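See below for the structure under consideration.
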Amino acid sequence: MKPVAGSTPIETPDLSGAYPRLSQAQIELLGRAGTSRATSAGEVLIQEGTVEADFFVILQGTVLVVEGLHAAAGGRQTAELGPNARTLEVHGPGRFLGELGVVEGQPAFVSAVSAEAGEVLQISGEDLRRAVLTDAAVGETILRAYLQRRILLISAGAGMRIVGSRFSRDTLRLLEFAAANRLPHLLVDLEDDEQAQGILDRAGILADELPAVVLSASQVLKNPSNADLALAMGLRTVKEHSASYDLMVIGAGPAGLAAAVYAASDGLSVVLKEGFAIGGQAGTSSRIENFLGFPAGISGGELTERAIIQARKFSVQTNVACWARTIELKDGEFHAEFNESGPASSRAALLATGVRYRRLPVPGLEKFEGISVFYAATVHEARLCGLQPVTVVGGGNSAGQAALFLVGTGAQVRLVVRGADLRADMSRYLADRIEEQPGIEVLLGANIVAVDGSGALERIVVDLGATGEQRIFDSRYLFIFIGAAPHTGWLQGTVALDDHGFVLTGADLEDLPPEFSHLGRRRLPLETSVPGMFAAGDVRHGSVKRVTAAAGEGSTAVAMIHEHLRLLRDGPAHSGARNGESPAGGSPRL
């Protein structure tokens, strides 16, 4: 092992806005919440795996951001680089350390160590979060940089190690969960990675304990459930719910996030429960170009992360990796049961469980899922694809965005569309850009009818429809976006659904039954067949399947929830609003 300290390395250039240099005014502002102190060569400032790491501004000297750091025990730690360590970044005076996990309460994915004696401004994570959330002068600079750093970490294959076989269903489950939740990670594949056995030996992991997630040299999760990993990654703020909430939101896509943030900002106590990944399908979108206020577009990941930080600001209790099993209205409150989580209760509920992409009905496709076949196109998948040929299936906006994103990373892209017109289900601006992009080959009126490969996908067979011709194309990866079905199987017999499983609301239902006459109102527009339970976003019958529409419905539902809660509390004679109108000034916490 070689020590970290030595000749001063060259500072990493700021090519993407990830490493800005703070102005003197910004440093002075942050200085009100922190303490300046000297650092020694080799001193560990941030140790990977540490929860609630402090925030540092470099005042003098140089700091390395590294993976594989071995810290010595005692006092302020000093460090040595392990055999597989690598330096990811080098920073000098005026720059700051950390990445998105600092403001989201996640463990540190990498370490930071002084390359030489210097000086830093040290601020607690809690004080840093307060500054980011309340002071625009410095908060937006830090947040923009942190969002970009998360992308760079993912692209570099940094972060936690998932050790296992790529053919193991549990390994694929963990990889999918980490990717969907935008967690920096890398697969250490037992099948062909020379580092795998060394990691197993050092961590004391046995074969029957795989797959394993290595968070740091001293933190290893052995075949964890998604809930276990979510807890370790700070994606769950509470284990058990000891009290009832004003509002329970089930589903954390754009509709659920918007409802949770608006309700909590109005003073309601809110719990947000998500079965798989915050952001839903929108969170996997590479670029959303029709969201109001973002003329250059915004990635679904960035939109989601900003919403998560807002939810944290307003004390939303968030739980990820807990699938809803049942919900019922009993004694005036909603009681819900979840897998991998304790029950929760509330006085109002919002269903925002969204939809799930349909599987392509091709024999043998399932054996490639998670290896070569994906239902999202994010930085994680793009890193796998490299410059190899890929196929995107679908004719909607999700397919169009994926094709443009992947070709932008250098992949050779073929877009297979069942319909004869690219603009039938895709926004015109996307269709125009695809047709102008020479790196995308579009096959209209086409269907994939067979797949083939040894271990991983190698070829696809496409039926060209109009001509009846079938052609074989090389394709190392396949991305499928062919429509979606609502995630409402668990609601059968609980609320009224349409013939396709979407939740019926408002005018699609009869008025409130006689037993709810005490509320003194008609059924509200986003209210389900169960009074006090609302639905918003893609899961709702008749909704516009767009991110902006889902967020709008989530925020609109909050006004109706306020009305319902007021009537429960005061009765119709004391209500200051009619049929969902919300009085000025919001509502106090109930």
Side-chain angles (χ1 to χ4, degrees), residues 165-169 171-173 175-176 179-180 187 189 191-192 281 284 286 355-378 380-407 409-422 424-426 431 434-435 437-485:
S165 168
R166 65 178 180 272
F167 301 114
S168 160
R169 284 296 163 192
T171 301
L172 297 177
R173 168 180 59 79
L175 288 169
E176 184 182 13
L187 170 64
D189 193 351
E191 307 299 330
D192 54 21
Q281 290 182 347
T284 66
S286 57
V355 295
R356 301 289 183 269
Y357 282 117
R358 293 191 176 96
R359 265 47 181 172
L360 196 65
V362 175
L365 186 72
E366 65 280 355
K367 68 182 180 181
F368 299 122
E369 288 183 335
I371 302 170
S372 305
V373 175
F374 303 103
Y375 297 86
T378 71
H380 294 280
E381 290 81 21
R383 188 182 72 225
L384 294 174
C385 294
L387 304 179
Q388 300 181 84
V390 304
T391 303
V392 177
V393 184
N397 279 7
S398 295
Q401 289 165 346
L404 287 168
F405 171 64
L406 292 168
V407 77
T409 65
Q412 308 165 45
V413 179
R414 182 172 290 107
L415 178 61
V416 177
V417 182
R418 182 175 60 180
D421 182 2
L422 192 59
D425 297 303
M426 188 181 296
I434 287 171
E435 290 177 344
Q437 173 54 253
I440 300 176
E441 178 186 3
V442 180
L443 301 178
L444 297 175
N447 288 284
I448 294 179
V449 294
V451 293
D452 184 45
S454 176
L457 182 67
E458 297 173 8
R459 293 168 292 278
I460 60 171
V461 180
V462 179
D463 187 330
L464 297 179
T467 64
E469 178 188 4
Q470 289 190 352
R471 291 183 60 189
I472 299 174
F473 295 99
D474 289 337
S475 186
R476 297 297 179 267
Y477 295 93
L478 180 61
F479 295 84
I480 302 173
F481 306 93
I482 58 169

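Keep in mind that the numbers below use all heavy atoms, side chains included, and drop hydrogens, waters and symmetry copies. Quantities reported herein were computed from a predicted structural model and do not represent experimental measurements.
- With sequence neighbours left out, Phe368 forms a ring pair (Phe, Tyr, Trp, His ring centres under 6.0 Å) with no residue at all.
- Formation of a donor-acceptor pair under 3.5 Å by the Arg358 side chain with backbone atoms of Ala484 is found in this model.
- When atom types are taken as modelled, the side chain of Glu381 and the backbone of Thr378 share a donor-acceptor pair closer than 3.5 angstrom.
- Note that OG1 of Thr409 and CG of Leu404 are 11.0 Å apart. Values are rounded to the nearest 0.5 Å.
- Looking at heavy atoms from C-beta onward, Met426 lies in side-chain contact with Ile434 at the 4.5 angstrom threshold.
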**Prompt:** Does the pair Cys385 and Phe479 meet the rule for a side-chain contact (heavy atoms from CB on, under 4.5 Å), with working shown?
**Reply:** CA-CA 11 Å; Cys385 294; Phe479 295 84; 3.7 Å; yes
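- No option in Val416, Val373, Leu365 other than Leu365 meets the side chain to side chain contact (heavy atoms under 4.5 Å, CB included) test with Leu360.
- Within a 6.0 Å radius of CZ in Arg383, more than 12 heavy atoms belonging to other residues, nucleotides or ligands are found.
- For residues 384-404, the side-chain hydrogen bond (donor to acceptor under 3.5 Å, both in side chains) pairs, not counting sequence neighbours, are Ser285-Gln401, Tyr357-Ser398, Thr391-Ser475, Asn397-Ser427.
- Distance CG/Leu415 to CD/Glu435: 10.5 Å, rounded to 0.5 Å.
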**Request:** Could you go through the side-chain contact (heavy atoms from CB on, under 4.5 Å) check for Asp474 and Gln412 one step at a time?
**Result:** CA-CA 10 Å; Asp474 289 337; Gln412 308 165 45; over 6 Å; no
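- Distance check: Leu406 CG to Ile440 CD1 gives 8.5 Å after rounding to the nearest 0.5 Å.
- Atoms CZ and CD1, on Arg471 and Ile460 in that order, are 10.5 Å from each other to the nearest 0.5 Å.
- Contact record, Ala446 with Leu464: CB-CD2, 4.3 Å, taken as the closest heavy-atom pair.
- To the nearest 0.5 Å, the span separating NE2 on His380 from OG1 on Thr284 amounts to 11.0 Å.
- Note on residues 363-375: pairs passing salt bridge (Lys or Arg N to Asp or Glu O under 4.0 Å), not counting sequence neighbours, are Arg359-Glu369.
- Without hydrogens or angle criteria, Asp189 side chain to Arg166 main chain gives a donor-acceptor distance under 3.5 Å.
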**Asked** Can you check side-chain contact (heavy atoms from CB on, under 4.5 Å) on Leu478 and Ile448, steps first, answer last?
**Response** CA-CA 10 Å; Leu478 180 61; Ile448 294 179; 3.6 Å; yes
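- The shortest heavy-atom contact between Ala402 and Val392 is CB-CG1, 4.4 Å.
- Judged as a side chain to side chain contact (heavy atoms under 4.5 Å, CB included), and not counting sequence neighbours, the contacts of Ile371 are Phe167, Leu172, Ala456.
- The nearest pair of heavy atoms linking Phe405 to Ala382 is CE2-CB, 3.8 Å.
- Considering only residues two or more places apart in sequence or on other chains, Tyr375 meets the ring pair (Phe, Tyr, Trp, His ring centres under 6.0 Å) condition with none of them.
- Put simply, the residue from Leu457, Val451, Val390 that forms a side chain to side chain contact (heavy atoms under 4.5 Å, CB included) with Ser372 is Leu457.
- Interatomic distance, CZ of Phe473 versus CG of Leu443, reported as 5.0 Å (0.5 Å rounding).
- Note on residues 437-463: pairs passing side-chain hydrogen bond (donor to acceptor under 3.5 Å, both in side chains), not counting sequence neighbours, are Arg414-Glu441, Asp452-Arg459.
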